[in-house]
**Q** 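Can you read through this structure? Questions will come right after.
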Amino acid sequence: GVLVADGVPHSFRSGGANRFVVLDVPAAGLVPEAAVRACDAFFAIDGALDGLVRYLAAEAADRPLDPVLAHHAAGLLLRALEARQPPPVSGDPIDRALALMAERCGEPLTVAELAEAAGLAPSRFHERFRARTGSTPAAMLADLRLDRAEALLRDGRLPLAEVALAVGFSDQSALTRSLRRRRGTTPGAVRRSR
């Protein structure tokens, strides 16, 4: 699923059988504050949420949803979003940067942006990040992207090209090269291992 703030341009492409539930709500007070701040954040759809979406799709297949059912479904969907709120981020600058990396690993993040989120100068941030994690910010971001790519590949719902774009690679060949170089595997092998 994805949260998109009012007024943010967005588009999507679908293939095969997909279900869409569009829930337009005023952000103030109804959507968790963390979700408002990360208004383009993707979240996993677990079995319970998938069941709710399937049920709503079946109910709306040949007629508009009953207003009472729509009201209760909106409440359930909002409750599901609240349950997916990320844990609060500590005051540690490196924790803030790690949280930003996890939240936006599919975007082109720079060390300068991460350092700004951490409240440190880029050189000091790089030094502290490496001391804390044993890795550079760029290497950690690459690992996060590959972790997410592997999870999406094992899930098997998205084509390889869409997986690559979803985790911040320019195309599927860039993802394949990175997986082979950093993990010694290929997208096909990851997909078969599920």
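In this text, all values refer to a predicted model and were calculated from it rather than measured experimentally.
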**Q** Please name the pair of heavy atoms, one in Met140 and one in Ser135, separated by the smallest distance, quoted to 0.1 Å.
**A** N-OG, 3.5 Å

**Q** I'd like to check Leu179 versus Phe169 (side-chain heavy atoms, cut-off strictly below 4.5 Å). Are they in contact?
**A**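 In short, these two side chains do not touch, never coming nearer than 4.5 Å.
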
**Q** Does the side chain of Glu127 reach to within under 4.5 Å of the side chain of Leu120, using non-hydrogen atoms?
**A** no

**Q** If two hydrophobic side chains count as joined below 4.5 Å and joins carry through other members, does Phe129 share a cluster with Leu141?
**A**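 Yes, Phe129 connects to Leu141 through the hydrophobic network.
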
**Q** Okay, side chain of Arg96, backbone of Ala118: is any donor-acceptor separation there less than 3.5 Å?
**A** yes

**Q** Would Arg183 and Asp143 pass as an ion pair if we require N to O under 4.0 Å?
**A** yes

**Q** Would you find more than 12 non-hydrogen atoms of other residues, nucleotides or ligands less than 6.0 Å from Arg132 atom CZ?
**A**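 More than 12 within 6.0 Å, yes.
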
**Q** Might you work through the side-chain contact (heavy atoms from CB on, under 4.5 Å) test for Phe125 and Leu114, ending with a clear yes or no?
**A** CA-CA 8 Å; Phe125 167 71; Leu114 293 169; 3.7 Å; yes

**Q** As an exercise, state the distance from CG of Leu144 to CG of Leu109, rounded to the nearest 0.5 Å.
**A**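 Leu144 atom CG to Leu109 atom CG measures 10.0 Å (nearest 0.5 Å).
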
**Q** Return the CZ to CZ distance between Arg192 and Arg154, rounded to the nearest 0.5 Å.
**A**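 These two atoms lie 13.0 Å from each other.
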
**Q** Does atom CZ (Arg182) have a neighbourhood of more than 12 heavy atoms from anything else shown, all under 6.0 Å?
**A**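 Above 12, so yes.
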
**Q** Return the minimal non-hydrogen interatomic distance between Pro122 and Ala115, and the atom names on each side.
**A** CA-CB, 3.7 Å

**Q** Taking atom CD1 of Ile94 and atom CE of Met101, what is their separation to the nearest 0.5 Å?
**A** 10.0 Å

**Q** What's the spacing between Leu98 CG and Cys105 SG if we round to 0.5 Å?
**A**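 If we round to the nearest 0.5 Å, Leu98:CG and Cys105:SG are 12.5 Å apart.
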
**Q** Counting C-beta onward and ignoring hydrogens, is there a side-chain heavy-atom pair between Val167 and Leu152 closer than 4.5 Å?
**A**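 Sidechains of Leu152 and Val167: in contact.
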
**Q** Looking at side-chain heavy atoms only, is the closest gap between Pro187 and Val163 below 4.5 Å?
**A**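 In short, these two side chains do not touch, never coming nearer than 4.5 Å.
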
**Q** How close do Thr185 and Ala189 get, counting heavy atoms only, and between which atoms?
**A**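 Reported closest heavy-atom pair: OG1-CB, 3.4 Å.
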
**Q** Would one find more than 12 heavy atoms of other residues, nucleotides or ligands at under 6.0 Å from atom CD of Glu113?
**A** yes

**Q** With side chains defined as the heavy atoms from C-beta onward, is the minimum distance between Leu158 and Leu153 less than 4.5 Å?
**A**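 Result no, sub-4.5 Å side-chain heavy-atom pair not found.
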
**Q** Report the distance from atom CD of Gln172 to atom CG of Leu175, rounding to the nearest 0.5 Å.
**A** 8.5 Å

**Q** Nearest 0.5 Å please: distance from the OG1 atom of Thr176 over to the CG atom of Leu160.
**A**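 CG of Leu160 is found 5.0 Å from OG1 of Thr176.
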
**Q** With the side chain counted from C-beta on, respond yes when Pro93 and Arg128 share a heavy-atom pair under 4.5 Å apart, and no when they do not.
**A**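 Contact flag for Pro93/Arg128 side chains = yes.
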
**Q** Apply side-chain contact (heavy atoms from CB on, under 4.5 Å) to residues Leu56 and Leu65 and explain how you reach the verdict.
**A** CA-CA 8 Å; Leu56 293 173; Leu65 274 183; 4.1 Å; yes

